[in-house]
*Asks:* 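My questions will all concern the structure given below.
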There are 2 protein chains.
Amino acid sequence: MVDVARRADVSPSTVSLFLRRPEAVSPRASDAVQAAIRELNYVPNMMAGGLAAAGSSVVGVIVPSVRNAFFAETVAALQRELGQARLQIMLGHTEYDQAVETELVRTALSWAPAALVIAGTEHGKTTRQLLEAARVPVVQVWELGGEAPIDMAVGFHHYEVGAAAARHLAARGRRRLVFFSGRANDDKRAAQRAAGFLAAGREMGLAVQHLSHPAPATTELGGILFARMLKEFEGAEGVGIGCSNDLLALGAIFEAQRRQVAIPAQYAIIGFGDLEFAASCNPALSTIKPFGDLIGSEAARLIIKSLADGEAREHPSIDTGFGLVHRQTS
Amino acid sequence: MVDVARRADVSPSTVSLFLRRPEAVSPRASDAVQAAIRELNYVPNMMAGGLAAAGSSVVGVIVPSVRNAFFAETVAALQRELGQARLQIMLGHTEYDQAVETELVRTALSWAPAALVIAGTEHGKTTRQLLEAARVPVVQVWELGGEAPIDMAVGFHHYEVGAAAARHLAARGRRRLVFFSGRANDDKRAAQRAAGFLAAGREMGLAVQHLSHPAPATTELGGILFARMLKEFEGAEGVGIGCSNDLLALGAIFEAQRRQVAIPAQYAIIGFGDLEFAASCNPALSTIKPFGDLIGSEAARLIIKSLADGEAREHPSIDTGFGLVHRQTS
DNA sequence: GGATAAAATCGTAGCGCTATGATAAAACTC
DNA sequence: GAGTTTTATCATAGCGCTACGATTTTATCC
């Protein structure tokens, strides 16, 4: 910055002011500074700026897995919207491990972030304390319900997702409901969807069952659970299958085809996620669609608004809801 | 840090030294400092440290899209390995736009990063200049060939991927080869795979054709291209289809089923990516498997080694190669 | 032209930590 | 115990920029 100032024949303060508030600098000085920046290919040092300003332009984003298409979509939307506001994403993923999550929060805080985005409402005690003490906007995403939000929240009720899937299958005449899920020990949100599905089925007086597995919810596991279900429900009629995500559903479809089992004539299926392939499946997959992109863009909007409002900021929770997408499998 | 020092009855220098090199501090002082850190819940300010040290623990990671499962896997591996080395990922994604890429590089550089990871070998002139002038380790990932590496590279030759797919289909008796691709205007790596496929086919004296589309390479597009191909090759025999990714292949499989076209009896298919569902498809998908996880972990290893070696560091290019996974579609 | 207000520019202390050399304390040798 | 070496601790300048008040310049009014 000192070199830019020298070249533009202004003081370093003026260069700094120009970068922060261009309208506060005269056109003559602006032109000179811009030219100097271009000629010297000057790149500001964000650490110096953040240190002097007692806060940085970093937004810590902590999700269970960036490989999971749900979270990837939200991260992408956050990047898009926050990038426009000159904020940078520092990414951490927990692989569903609470101790990792605590360390990632601590690391994010060491960058004096402008805000934090973290998936879920359930956190370990230390994590929650760190977040509560952080004095920066915190947005919990992808879930509502459970523990009260620390600050702001954007998500939906996974329990209601499961219930909606059960009600949809019942409305399609299914009298016996089965729920497939993976990551039984780690994925609290999938467990909520299962709980909602089973409870809604019971309320409607239907027979319900839960087939779960500790492995991640993959296409392969979907096929395995479908085969297992066939064994248990030999000859049963009117079965509806809820899957904790679309990959399990895809695997179930493939296994049904291999065994000449007709979908949905013999077994109706509904997934969760409305993943990229869902509409193009054969048969096209019914699913519950979360709005991952909307979650990201709403979280970004809340952050930007919070930063503008300062101490007067609010603490909203936004329920994005979800969509029922009725296609050929149900 | 001053508060921690006061509480531990040592100087702030000793606290700092303990955090950087614990073995350089006596056990008595170590215990006192650790206790003070715990009691005060002290979180270091990384910006101050980075500024004073003339460099930070940030690694800028710039990929076309985090929603793309290939890159997500590499980002996940980078996060895992670099996290172990106390480095933090600052993520940017370009959505295949070169101007965005340039800005993301500039932003990453403003954090005085320890290193940069960027996808691809082809970059705009300004981007390349920024990277060359950066004086930090730069690892280009997911591609080899094209322009010479700026510093280090971990990837494979997409042209060879296409050629391998063509040779595989020829070895399975296919006499007419078609390549499906999407994002025809943006995705240079997909274009390379197409070029390799077509060239290898021609070299073997086979009829070759390229069906491409400017839209992203989705399952739906796979179905559309398959339908288009059926029109053009009405009654042709011995056709082999190479797809620029597994999603296109999945869409082609679904469309074949809808039209009672037998895979691979009538048309053989090979994808790219070995995505999560590939093995569980009906029929199971033949594909070319890139090693996204290995690319991430190798890039991380190179960065960590570079940082340890300092000016004496080397500039390797690592060819991870790829695997041919022969399953039921071919 | 003088007085006043607004806009523009500048000077300065300091943000929290590091690297480095200076100093103090501990360990070793004779 | 004295001298030397090694280990541990401390003091200091400074990293590049910001926020803020001081100063200068420009614009407006009478």
Side-chain angles (χ1 to χ4, degrees), chain A residues 1-34 36-37 40-58 86 88 106-114 135-136 307 310, chain B residues 1-34 36-37 40-58 86 88 106-114 135-136 307 310:
Chain A
M1 189 180 280
V2 172
D3 295 336
V4 169
R6 195 181 297 124
R7 198 174 183 100
D9 198 32
V10 296
S11 93
S13 293
T14 304
V15 176
S16 173
L17 191 60
F18 171 75
L19 290 171
R20 282 178 286 131
R21 281 191 15 245
E23 68 278 2
V25 176
S26 71
R28 194 209 67 81
S30 291
D31 291 345
V33 170
Q34 277 180 312
I37 285 169
L40 294 175
N41 220 358
Y42 166 67
V43 174
N45 186 320
M46 301 300 275
M47 287 180 296
L51 178 60
S56 75
S57 54
V58 164
R86 320 296 283 268
Q88 291 87 52
R106 209 186 298 270
T107 298
L109 290 175
S110 73
W111 287 98
R135 317 183 69 95
V136 297
L307 296 176
Chain B
M1 190 180 280
V2 171
D3 295 335
V4 170
R6 193 178 299 125
R7 199 174 182 99
D9 198 31
V10 297
S11 93
S13 291
T14 304
V15 176
S16 172
L17 191 59
F18 171 74
L19 290 171
R20 282 178 287 131
R21 283 190 16 243
E23 69 278 2
V25 176
S26 72
R28 196 209 65 81
S30 290
D31 292 344
V33 170
Q34 277 182 311
I37 285 169
L40 294 176
N41 221 356
Y42 166 67
V43 174
N45 185 321
M46 301 300 277
M47 287 182 294
L51 178 60
S56 76
S57 53
V58 165
R86 320 296 285 271
Q88 290 88 53
R106 209 185 298 269
T107 299
L109 290 174
S110 72
W111 287 98
R135 318 182 68 96
V136 297
L307 296 176

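Throughout, protein chains are lettered first and strands after them, A, B, ... in sequence-line order, and every chain is numbered starting at 1. Model, not experiment: these values are computed from the prediction.
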*Asks:* Base, backbone or nothing for each nucleotide of nucleotides 15-26 of chain C, written B, S, -, heavy atoms under 4.0 angstrom, 5' to 3'?
*Replies:* BBBBB-------
*Asks:* What is the distance, to the nearest angstrom, from the CD atom on A:E23 to the P atom on C:dT9?
*Replies:*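 From A:E23 CD to C:dT9 P: 13 Å.
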*Asks:* Say whether, by atom type as modelled, one donor and one acceptor occur between the side chain of B:S56 and the main chain of B:A112 under 3.5 angstrom.
*Replies:*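 Between the backbone of B:A112 and the side chain of B:S56 there is a qualifying donor-acceptor contact (under 3.5 Å).
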*Asks:* Which pair of heavy atoms, one from B:M47 and one from A:G50, lies closest together, and at what distance?
*Replies:* SD-CA, 3.6 Å
*Asks:* Report yes if a side-chain nitrogen or oxygen of A:S26 is closer than 4.0 Å to either non-bridging phosphate oxygen (OP1 or OP2) of C:dA8; otherwise report no.
*Replies:*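 So the side chain of A:S26 is outside the cut-off, no N or O lying under 4.0 Å from OP1 or OP2 of C:dA8.
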*Asks:* Taking the side chain from A:T14 and the backbone from A:V10, do they hold a donor-acceptor pair closer than 3.5 Å?
*Replies:* no
*Asks:* Reckon B:T14 has a side-chain N or O less than 4.0 Å from the OP1 or OP2 of D:dC10?
*Replies:*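 Indeed, a polar side-chain atom of B:T14 lies that close.
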*Asks:* To the nearest 0.5 angstrom, please state how far the CD atom of B:Q34 sits from the CZ atom of B:F18.
*Replies:* 4.0 Å
*Asks:* Closest approach of B:L19 and B:I37, non-hydrogen atoms and distance?
*Replies:*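 Reported closest heavy-atom pair: CD2-CD1, 4.0 Å.
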